[in-house]
Structure formats: structure tokens, C-alpha cells
Amino acid sequence: MSAKNILTQAPPYPVEKTIKRLGANLRTARLRRNLTIEEAAAKIGTGPRAVSDAEQGKVSTGIAVYIALLWAYDLLDAAEKLADPSQDEIGLALSLGRDQARARVRRTQ
């Protein structure tokens with residue numbers, strides 16, 4: 001019996017909604033460029049099913065497909081700003097001068 005990924009079966013509503021919106025936006029971008037699903041798939045080196053799944057906002061679709069489609073449509077600049085540490089107001093506030101490269105496990109004494 002294989003382990004099930006709950007995130008792909010029942011993601012939090014805001015996550016699912018955002019991925020579905022991204023998929024719809026990618027479909028609009030493809031259509032505006034007058035590309036078929038097959039042409040978009042060929043451009044990113046995958047099959048049409050992956051493009052179709054991404055456009056439907058399926059959470060099981062790999063992030064590489066979404067990012068590659070953004071690249072194919074010359075929309076990658078916006079993706080490069082995702083999780084930009086300089087724009088992470090909460091993270092910046094929490095760090096308060098601590099500039100750690102990674103989180104460390106706290107040991108109890």
C-alpha cells in the first residue's frame with residue numbers, strides 16, 4: 001500500500017483556488033498566442049495531457065509543468081518574484097537581524 005499525499009487529494013481551499021486560477025490564466029495565455037495544447041506541450045517537451053492537467057488546475061501536476069508553460073508564454077518574470085525573500089515582510093520581521101542560512105533544531109536542556 002502506497003502512502004497518499006493529502007495535499008494532492010484535499011488541498012487547503014486557498015491553495016486549490018490559486019492553482020485553478022493559474023491554470024485558467026495559462027489557458028488564456030495559450031489561446032491568446034493561438035497555440036494548440038499539442039503545440040504548447042511540444043514547446044515545453046511534455047505531452048498534451050500535462051498541459052491539459054495544468055490548465056485545469058490539477059494539484060497533482062508538477063510545478064515544472066506550470067513554470068515551463070509560463071516560460072513558453074514569456075510570463076516567467078512574475079514567477080521569479082514568488083517567495084522573494086526581500087518581499088517577505090513576515091519573515092523579515094521575524095528574523096530581526098538573524099540571518100540564518102537554514103533552520104536549526106532547538107535542543108532542550
Side-chain angles (χ1 to χ4, degrees):
M1 181 176 195
S2 63
K4 301 282 183 185
N5 185 340
I6 292 176
L7 184 60
T8 60
Q9 293 182 7
Y13 178 71
V15 171
E16 183 177 20
K17 182 177 160 186
T18 300
I19 293 173
K20 287 198 179 294
R21 184 178 310 121
L22 173 58
N25 291 348
L26 289 170
R27 182 176 190 277
T28 299
R30 177 180 60 79
L31 293 173
R32 285 182 175 172
R33 287 157 180 75
N34 200 29
L35 295 171
T36 65
I37 287 179
E38 291 76 14
E39 291 169 332
K43 189 167 184 175
I44 66 170
T46 191
R49 177 70 179 254
V51 174
S52 178
D53 286 352
E55 289 184 359
Q56 292 175 41
K58 290 191 176 181
V59 294
S60 60
T61 302
I63 190 169
V65 175
Y66 288 101
I67 299 297
L69 287 170
L70 290 170
W71 166 79
Y73 306 146
D74 292 321
L75 299 171
L76 195 56
D77 288 345
E80 290 178 1
K81 295 175 184 154
L82 292 173
D84 180 350
S86 69
Q87 302 300 314
D88 181 8
E89 293 179 14
I90 295 171
L92 289 169
L94 291 172
S95 70
L96 295 175
R98 295 186 331 250
D99 195 15
Q100 298 176 343
R102 62 187 176 115
R104 294 198 169 92
V105 176
R106 295 180 189 182
R107 297 179 186 206
T108 58
Q109 293 180 354

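Hydrogens, waters and symmetry mates are skipped; everything else that's a heavy atom, side chains included, is used. Throughout, residue positions are numbered sequentially from 1 according to the sequence presented.
Nearest heavy-atom pair, Ile44 versus Ala72, reported as atom, atom and distance to 0.1 Å: CG2-CB, 3.8 Å. Closest approach of Leu92 and Ser95 over heavy atoms only: O-OG, 2.9 Å.
In this structure, CG on Leu69 lies 12.0 Å from CG on Asn25, to the nearest 0.5 angstrom. Rounding to the nearest 0.5 Å gives a distance of 8.5 Å between CG of Leu82 and CG of Leu70. Remark: Leu26 CG to Gln56 CD distance equals 12.5 Å, nearest 0.5 Å. A distance of 9.5 Å separates OH of Tyr13 from OG1 of Thr18, quoted to the nearest 0.5 Å.
Under the salt bridge (Lys or Arg N to Asp or Glu O under 4.0 Å) criterion, Lys58 pairs with Asp53, sequence neighbours left out. Listed by chain and residue number, Ala29, Leu35, Tyr73, Leu75 satisfy the side-chain contact (heavy atoms from CB on, under 4.5 Å) test with Arg33 (two or more places apart in sequence, or in another chain). Partners of Pro48 under the side-chain contact (heavy atoms from CB on, under 4.5 Å) rule, at least two apart in sequence or in another chain, are Ile37, Glu38, Ala41.
Counting non-hydrogen atoms of other residues, nucleotides and ligands closer than 6.0 Å to CZ of Arg30 gives a total above 12. Atom CG of Asn34 is surrounded by 12 or fewer heavy atoms from other residues, nucleotides or ligands within 6.0 Å. No more than 12 heavy atoms of other residues, nucleotides or ligands shown are found within 6.0 angstrom of CD on Glu89.
The side-chain heavy atoms of Thr61 and Ile19, taken from C-beta on, include no pair separated by under 4.5 Å.
Side-chain heavy atoms closer than 4.5 Å link hydrophobic residues (I, L, V, M, F, W, Y) into clusters, and following such links, possibly through other members, connects Trp71 to Val51.
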